[in-house]
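Okay, so here's the structure we're looking at.
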Protein chains: 2
Amino acid sequence: MSKGERTRAAILDQALAMTSTDGLTGLTIGTLADRLGMSKSGLFAHFGSKEQLQAAVLERAAELFADTVVRPALAQPRGLPRVLALFENWIAWTMDTVLPGGCPIQAASIEFDDRPGPIQDLIVKQQEDMRRVVIGATRRAVEEGHLRSDLDVEQFAFEGISLCYGFTQSYRLLKNPKAEMWARTAVHGLVDRGRNRQ
Amino acid sequence: MSKGERTRAAILDQALAMTSTDGLTGLTIGTLADRLGMSKSGLFAHFGSKEQLQAAVLERAAELFADTVVRPALAQPRGLPRVLALFENWIAWTMDTVLPGGCPIQAASIEFDDRPGPIQDLIVKQQEDMRRVVIGATRRAVEEGHLRSDLDVEQFAFEGISLCYGFTQSYRLLKNPKAEMWARTAVHGLVDRGRNRQ
DNA sequence: TTGACAATAGTACGACCGTTCGTATTATTT
DNA sequence: AAATAATACGAACGGTCGTACTATTGTCAA
């Protein structure tokens with residue numbers, strides 16, 4: 001790993017933290033450079049434009065999300081355990097203190113839902129990917145016989161993802177101490193309702 | 001209504017539209033003034049600071065939300081019809097084209113969930129108000145015997161609100177044509193599960 | 001050790017930010 | 001109609017934004 005790659009990684013780590021609190025637009029090259037003790041121009045040279053920096057931050061965020069939420073869940077046995085792990089890890093990710101300001105991708109998706117362009121395209125792609133992961137895991141649980149065969153997996157995914165999003169609201173903004181319990185209860189309820197009668 | 005009050009209202013209307021697409025931070029006095037054909041300083045004098053402008057925008061947004069979502073729902077007979085109307089109106093509000101960029105309060109709550117200050121305080125208050133409205137209507141439906149007496153109304157509100165939030169994601173960013181159906185199905189499912197067996 | 005190139009710093013730019021000020025214009029009241 | 005308050009304007013302030021160029025430093029293979 002060359003020196004350039006190392007600094008680039010350090011930049012992205014710091015940028016990710018800043019983005020999680022200030023958003024992709026609030027992320028600023030000047031203060032980012034200050035916080036890293038380097039010059040604006042030196043930092044800038046790594047990316048070429050702010051937009052490319054934003055894209056890199058998003059990709060780094062998706063990597064982190066995949067490492068924290070998706071991959072550990074995929075390590076679970078297929079079927080219900082995997083679906084549950086997905087939601088549980090997602091809830092834990094929202095509460096994670098690694099990123100001081102919560103999931104940057106969720107913030108970005110509201111920030112950019114009316115600003116067409118390459119960044120919006122990237123966010124849409126990432127969200128669709130995540131949706132596919134949830135749907136895939138759910139469909140697998142149906143195949144395994146854990147969930148009803150007539151379950152609408154898209155509806156299921158919509159509700160599960162909505163709960164994870166709503167949790168952010170209650171936990172991060174409202175700081176409601178019951179938020180975590182509500183989210184877990186809701187997710188387990190969703191899964192239970194999809195179960196096969198036995 | 002004096003002239004000042006009239007322009008102030010016109011400013012807030014335009015500001016609300018801009019905020020819904022660009023966020024409270026992206027809202028800019030200069031371009032707002034341009035769009036209204038008036039000078040920066042003339043506009044500025046109406047509010048005294050950008051922060052007070054932001055607060056005024058949020059309050060205007062809450063008024064609009066109350067007029068569009070809450071009041072029509074309260075006009076419904078108490079109990080289940082009112083609860084359902086609340087969610088239906090909320091879904092319609094998200095799809096509304098009056099505000100080009102979706103609910104500004106939802107956007108602001110993610111934008112400011114890590115920026116303490118008077119604006120965050122105001123957003124929290126607004127969200128708590130809305131939560132109270134949902135909980136109140138739900139509790140009333142329990143009293144009327146429409147919903148189970150052992151229903152956890154807070155849990156119910158959390159799930160309903162989460163669904164409305166998740167709907168924004170699917171509808172506005174991902175532009176999924178099934179989003180509306182998913183949201184309606186989910187909300188009706190939530191309500192049905194809370195029903196009294198009869 | 002030197003030469004080539006990657007990495008960083010330095011400086012400058014035009015544009016826009018929120019804000020202030022003095023002044024002109026328009027409404028409202030007396 | 002005169003007096004006063006409300007409203008709006010234009011110009012300017014100090015800052016920060018992203019970006020462009022040039023110069024300097026650091027790294028690492030030959």
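If you're wondering where the values come from, they're calculated on a predicted model, not measured in any experiment. Lettering of chains follows the sequences in order, A, B, ..., and the numbering in each one begins at 1.
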* Asked: Mind checking whether B/F156 and A/V191 sit in one hydrophobic cluster, side chains of I, L, V, M, F, W, Y counted as touching below 4.5 Å?
  ->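 No.
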Keeping [X] on the side-chain end and [Y] on the backbone end, is there a donor-acceptor pair under 3.5 Å?
{"X": "A/T21", "Y": "A/M18", "result": "yes"}
{"X": "B/K50", "Y": "B/T25", "result": "yes"}
{"X": "A/N89", "Y": "A/V69", "result": "yes"}
{"X": "B/S109", "Y": "B/Q106", "result": "yes"}
{"X": "B/T94", "Y": "B/W90", "result": "yes"}

* **Sub-4.0 Å heavy-atom contacts from residues 45-53 of chain B onto DNA chain C, ordered by number** =>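 The stretch gives B/S49, B/K50 as the residues lying under 4.0 Å from the strand, ordered by number.
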* In terms of the nearest nucleotide of DNA chain C, which residue is placed more toward the 5' end: B/I29 or B/S2? ->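 Residue closer to the 5' terminus by nearest nucleotide: B/I29.
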* Could you check B/K40 against B/K3 and say which one's nearest nucleotide on DNA chain C is further toward the 5' end? =>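 Result: B/K40.
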* Asked: Going by an N to O cut-off under 4.0 Å, is there a salt bridge joining A/R82 and A/E144?
  ->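 Looking at A/E144 together with A/R82, the answer is no, because their closest N to O distance does not fall below 4.0 Å.
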* Apart from B/I110 itself, what residues make up its hydrophobic cluster when side-chain heavy atoms of I, L, V, M, F, W and Y under 4.5 Å apart count as a link, directly or indirectly? ->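 Joined to B/I110, directly or through intermediates: A/I110.
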Return a table of donor-acceptor pairs under 3.5 angstrom between the side chains of residues 127-134 of chain A and protein atoms on other chains or two or more places apart.
unit_1	atom_1	unit_2	atom_2	d
A/Q127	OE1	A/Y165	OH	3.0
A/Q127	OE1	B/Q169	NE2	3.2
A/Q127	NE2	A/Y165	OH	3.1
A/E128	OE1	A/R131	NE	3.4
A/D129	OD1	A/R132	NH2	3.0
A/D129	OD2	A/K125	NZ	3.0

* To do: Under 4.0 Å from any heavy atom of chain B: name the first and the last nucleotide of DNA chain C that qualifies, 5' to 3'.
  =>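 Listed 5' to 3', the contact boundaries are C/dC17 to C/dC21.
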Considering only distance and modelled atom types, tabulate donor-acceptor pairs under 3.5 Å from the side chains of residues 4-11 of chain A, sequence neighbours left out.
unit_1	atom_1	unit_2	atom_2	d
A/E5	OE1	A/S2	N	2.9
A/T7	OG1	A/K3	O	3.0
A/T7	OG1	A/G4	O	3.0

* Sugar-phosphate, base or nothing in reach of B/L32, heavy atoms under 4.0 Å ->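 Result for B/L32 = nothing.
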* To do: Walking along DNA chain D from 5' to 3', note the first and the last nucleotide with an atom under 4.0 Å from a heavy atom of chain B, and give both.
  =>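 So the outermost contacting nucleotides come out as D/dT7 to D/dG10.
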* When you match B/T7 and A/G30 each to their closest nucleotide on DNA chain D, which lands nearer the 5' end? ->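 Its nearest nucleotide being more 5', the pick is B/T7.
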